[in-house]
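Data block below; observations after.
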Amino acid sequence: VSALAQVWTERVGGRVLGLATTEIATRNLADDGVPAMNTARFLAAYRPGPDGQEPRARVARGDLFVIDEAGMSSTSELSQIADIVAAGGGKLVY
């Protein structure tokens, strides 16, 4: 993933963020030099709040999100992440 992140940043210019269901997998991504967060934190930051307040973070065009161990995530969680990334013009890979 770190090699992909480097090439993406050089050629596309967008940021790369690794996502994982477990904290251990998140730390492994970070240890490989890829900024990472768990999927629950991603959803908390990138989707609107319960009262409709703006998300704390936004996906930008050219951003790449890599889901590590996607099989551990629920279909609902993956669908929400995919919708958020697509709405912001980013790219999602599993």
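We count residues from 1, following the sequence as given.
Under the salt bridge (Lys or Arg N to Asp or Glu O under 4.0 Å) criterion, Asp63 pairs with Arg15, sequence neighbours left out.
Closest of all the heavy-atom pairs between Ala25 and Ala20 is CB-CB, 3.5 Å. Summarising the geometry of Pro55 relative to Pro48, their closest heavy-atom pair is CG-N, 4.1 Å, with the distance given to 0.1 Å. Nearest heavy atom pair, residue Val34 against residue Gly18, reads CG1-N, 3.8 Å.
Annotation: side chain of Leu4 is in contact with side chain of Val66 (closest heavy-atom distance under 4.5 Å). Contact check for Val93 versus Leu64: side-chain heavy atoms found under the 4.5 Å cut-off. With a 4.5 Å cut-off on side-chain heavy atoms, Thr22 and Arg27 do not count as touching. Between Val16 and Phe65 there is no side-chain heavy-atom pair separated by less than 4.5 Å. Side-chain contact between Thr9 and Val7 is absent, with no heavy-atom pair separated by less than 4.5 Å.
Hydrophobic clustering (side-chain heavy atoms under 4.5 Å, transitive across Ile, Leu, Val, Met, Phe, Trp, Tyr) keeps Met37 apart from Leu29. Leu17 and Val1 fall into different hydrophobic clusters, where Ile, Leu, Val, Met, Phe, Trp and Tyr are joined by side-chain heavy atoms under 4.5 Å apart, directly or via other members.
Sorted by first and then second residue, the ring-ring contact (aromatic ring centres under 6.0 Å, His included) pairs involving residues 68-94 (not counting sequence neighbours) form an empty list.
Between the side chains of Ser73 and Thr39, not a single donor N or O lies within less than 3.5 Å of an accepting N or O.
Remark: the backbone N or O of Asp51 is paired with a side-chain donor or acceptor of Gln53 at under 3.5 angstrom. Using modelled atom types, no side-chain atom of Trp8 and backbone atom of Ala3 make a donor-acceptor pair closer than 3.5 Å.
Between the CG atom of Leu19 and the CG atom of Leu78 there is a distance of 10.0 Å, given to the nearest 0.5 Å. For the atom pair CD1 of Ile24 and CG of Asn38, the computed distance is 12.0 Å after rounding to the nearest 0.5 Å.
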What pairs of donor and acceptor atoms, side-chain ones from residues 79-87 against any protein atom, are under 3.5 angstrom apart with sequence neighbours left out?
from, atom 1, to, atom 2, distance (Å)
Gln80, OE1, Arg47, NH1, 2.3
Gln80, NE2, Ser76, O, 3.4
Gln80, NE2, Ser76, OG, 3.1

Exercise for the section: Let me see the working for Arg41 and Thr26 under side-chain contact (heavy atoms from CB on, under 4.5 Å), right down to the final yes or no. Expected result: CA-CA 11 Å; Arg41 283 186 49 218; Thr26 302; 5.6 Å; no
